[in-house]
Amino acid sequence: MPYHETSPQRRGRLLTSTARLTLDPAFLIGPVEPRLFGSFVEHMGRCVYTGIFEPGHPLADADGFRTDVLELTRELGVTLVRYPGGNFVSNYRWEDGVGPVEERPARLDLAWRSLEDNSFGLNEFMAWAARAGIEPMMALNLGTRGVAEALELVEYANYPGGTRLSDLRRAHGVDKPHDIRLWCLGNELDGPWQMGHKTAREYGRLAAETARALRRLDPGVSLVACGSSNSGMPTFGQWEAEVLESAYDLVDYISLHAYYDPADGDVDSFLASGADMEHMIRSIAATADHVGAKLRSRRKIKLSFDEWNVWYQSRFDGEASLEWAEHPRLIENVYDVTDAVVVGSLLITLLRNADRVGVACQAQLANVIAPIMTEPGGPAWRQSIFHPFALTARHARGQVLRVEPECASVSTDKYGEAPAIWATATLDDAGEITLFVVNRDRHGPCELRVALPQGLRPAEHLELADDDLSAVNSAAAPDRVAPRPGTGLRMDGRDATLTLPPVSWTMIRFAPQE
């Protein structure tokens, strides 16, 4: 949508604050890693079944993949998908999901108390991934299984042929190896809810031995060790230190997971979730660097933030409350405008830390706390949180610029004083700068002054904001919440000044003048 100038006033509301920031190509954080725009597909609820996969649906292709969901996945800009879990993976036998479908056994999924028929497995996922144009990130079961089973899966998936397992893959109709490069060494094994829960020392040794064996089989793989399940775990920080003391020189990433919830109506803390995410990132990066220094290693461990999103966990009674069911409707949160602004702020946070975060996965892709919703036999549509992800994935290219707004703060119960304005920017090879900014203030607009390099002009200005912060999208009204052309942007010499609505996400592209 083209840029256009209008009055700086917005909806008749008075400014509550002013802010300024500078966009300078000389101050770089690091490159925008394509893997930052990952998603997550777990055998949980309706993410797979009636989500991405629904044979018999009017829009299903010959393999049962919903083409409407594939189209939305491409529009979302997803580059990578983590599969098959999540808690599900810690009780999963990958062998159950390959071979003739009619011969695959049904199993009990202990993580989500679901009946799994295994009609969708590794080879179906890889076929779907190819159609969606995404990189696979495969998780290994190190909960109820171990080194031998991990080696068997990697041999089946990646070895060209001439062995029992690689030839079994070929007999299953997949002649060429899948060549999966990125593997998770288990999932959330610090959590007592996990099948095969372990201490840090137990897991660190298992992760190291598994990594050592996998590198002997396929030296080119990249490996992710499990970090803490969330920053509220009693062993947060200590877990990462103990695990990395065993596995530092054998893995490439340590994982982080975080979900944010407007619990108890604390909206100001919820809007400041990005500040908490940044503190978590920097804490774990410091922990990893400390271990590296102790070990005198020249390697630098990167971070894989492979589960993040808004999730109303305070409204979920836990896995023990679930009845056994096949593909139930599970935590299908309906997201509003405020949730979309928070998701936009979390994406800003990931970019602000692009020098350390190399992988990130929004959980999950379809139906389960997801940007894409579907109805069995019916339509698919975009939730509010779809839009900041899609626009950030589309326009964040090249290098991330260091952006530090001068602004007022917002007082929060959970995180103390948080900046009212949260921002980042990227610089691409054509010299275009894209600014992503959130106004966390609920009480009124903010006038933001942006100092620009010489020779740039506004090319596109979009904002996601609404007078009704509880507005949502639905099958009946799929575009109720969507980005629209921004207003209140004007040029003053080299500087741009704009009015940010309260609780809003904004994107502005500045292009070189012709």
Side-chain angles (χ1 to χ4, degrees), residues 27-40 79-80 82 135 137 181-185 207 211 222-231 233 236-245 247-260 273-309 343-363 389 392-393 396-404 415 419 422-427 436:
F27 294 96
L28 303 177
I29 292 175
V32 179
E33 295 283 354
R35 285 173 168 175
L36 286 180
F37 303 108
S39 189
F40 181 29
T79 55
L80 168 145
R82 181 170 176 248
E135 178 187 4
M137 180 183 189
R181 295 294 89 199
L182 188 58
W183 296 84
C184 300
L185 300 173
S222 293
L223 302 175
V224 183
C226 290
S228 297
S229 301
N230 58 74
S231 61
M233 296 296 290
F236 176 71
Q238 178 186 348
W239 169 276
E240 285 79 2
E242 288 193 46
V243 167
L244 289 176
E245 283 173 2
Y248 190 92
D249 284 318
L250 294 164
V251 301
D252 304 282
Y253 301 89
I254 186 82
S255 73
L256 296 83
H257 292 177
Y259 295 99
Y260 295 97
S273 297
D276 179 70
M277 178 190 254
E278 183 156 277
H279 177 72
M280 186 177 182
I281 289 168
R282 294 181 178 180
S283 296
I284 297 307
T287 301
D289 290 347
H290 172 67
V291 174
K294 283 178 60 179
L295 298 176
R296 295 177 171 80
S297 175
R298 296 184 179 275
R299 302 178 73 245
K300 188 174 285 289
I301 297 291
K302 298 202 78 172
L303 310 184
S304 175
F305 218 124
D306 45 47
E307 288 189 32
W308 68 268
N309 205 354
V343 164
S345 77
L346 298 177
L347 288 159
I348 287 170
T349 305
L350 293 169
L351 287 168
R352 284 170 57 90
N353 293 277
D355 56 332
R356 294 310 298 264
V357 182
V359 177
C361 302
Q362 186 188 41
F389 190 108
T392 305
R397 293 286 184 270
Q399 296 282 332
V400 182
L401 301 183
R402 188 171 301 281
V403 177
E404 299 297 342
Y415 312 125
W422 197 238
T424 192
T426 58
L427 170 68
F436 305 94

- Note on the structure: Shortest non-hydrogen pair, Leu401 vs Ile29, comes out as O-CD1, 3.8 Å
- May I ask you to test the Ile301-Arg299 pair for a side-chain heavy-atom distance under 4.5 Å? yes
- Message: As a test of understanding, state which of His257, Met137, Glu307 forms a side-chain contact (heavy atoms from CB on, under 4.5 Å) with Cys361.
- Response: Met137
- Query: Do the non-hydrogen side-chain atoms of Asp306 and Tyr253 ever get within less than 4.5 Å of each other?
  - Reply: no
- Message: Test of understanding: with side chain to side chain contact (heavy atoms under 4.5 Å, CB included), list the residues that count as partners of Glu135, not counting sequence neighbours.
- Response: Arg35, Leu80, Arg181, Leu182
- Check: Gln362 main-chain N/O paired with Asn309 side-chain donor or acceptor under 3.5 Å: no
- Side chains of Leu347 and Phe436: closer than 4.5 Å at any heavy-atom pair? no
- On a heavy-atom basis, the closest approach of Ser255 and Gly227 is OG-N, 2.8 Å
- Kindly indicate whether the side chain of Trp422, heavy atoms from C-beta on, has any atom under 4.5 Å from the side chain of Val403. no
- Task: For the residue pair Phe389 and Phe37, categorise the inter-ring angle as parallel (less than 30°), tilted (30 to 60°) or perpendicular (more than 60°).
- Result: perpendicular
- Might you point out which heavy atoms bring Ala396 and Leu351 nearest each other, and give the distance in Å? CB-CD1, 4.1 Å
- Message: Please report the interatomic distance NZ(Lys302) to CG(Asp252), rounded to the nearest 0.5 Å.
- Response: 11.0 Å
- For Leu346 and Ser273, what are the C-alpha separation, side-chain angles and deciding distance, and is it a side chain to side chain contact (heavy atoms under 4.5 Å, CB included)? CA-CA 7 Å; Leu346 298 177; Ser273 297; 4.1 Å; yes
- How would you list, by chain and number, every residue that makes a salt bridge (Lys or Arg N to Asp or Glu O under 4.0 Å) with Arg282, sequence neighbours excluded? Glu278
- Hey, are the side chains of Met277 and Leu350 touching, using non-hydrogen atoms and a 4.5 Å cut-off? yes
- Between the side chain of Glu240 and the main-chain N/O of Ser228, is any donor-acceptor distance below 3.5 Å? yes
- Going from OG on Ser345 to CG on Asp276, what distance comes out if it is rounded to the nearest 0.5 angstrom? 10.5 Å
- Task: Could you walk me through whether Ile284 and Phe236 pass the side chain to side chain contact (heavy atoms under 4.5 Å, CB included) test, one step at a time?
- Result: CA-CA 9 Å; Ile284 297 307; Phe236 176 71; 3.5 Å; yes
- Message: If you compare all heavy atoms of Leu244 against all heavy atoms of Leu295, which two are closest, and at what distance to 0.1 Å?
- Response: O-CD1, 4.0 Å
- Message: Is any side-chain heavy atom of Val224 closer than 4.5 Å to one of Val251?
- Response: no
- Task: Taking the side chain as every heavy atom from C-beta outward, state whether Lys300 and Asp355 have any atom pair closer than 4.5 Å.
- Result: no
- Task: Supply the atom-to-atom distance Ile281 CD1 to Leu303 CG, rounded to the nearest 0.5 angstrom.
- Result: 7.0 Å
- Can you tell me how far the CG atom of Leu427 sits from the CG atom of Leu28, to the nearest 0.5 Å? 7.0 Å
- Side-chain heavy atoms of Asn230 within contact of Tyr259, under 4.5 Å: no
- Nearest heavy atoms of Gly30 and Gln399, plus distance in Å: C-OE1, 3.1 Å
- Please check if the side chain of Trp239 supplies one atom and the backbone of Ser229 the other of a donor-acceptor pair under 3.5 Å. no
- Return the minimal non-hydrogen interatomic distance between Leu185 and Ala207, and the atom names on each side. CD1-O, 3.8 Å
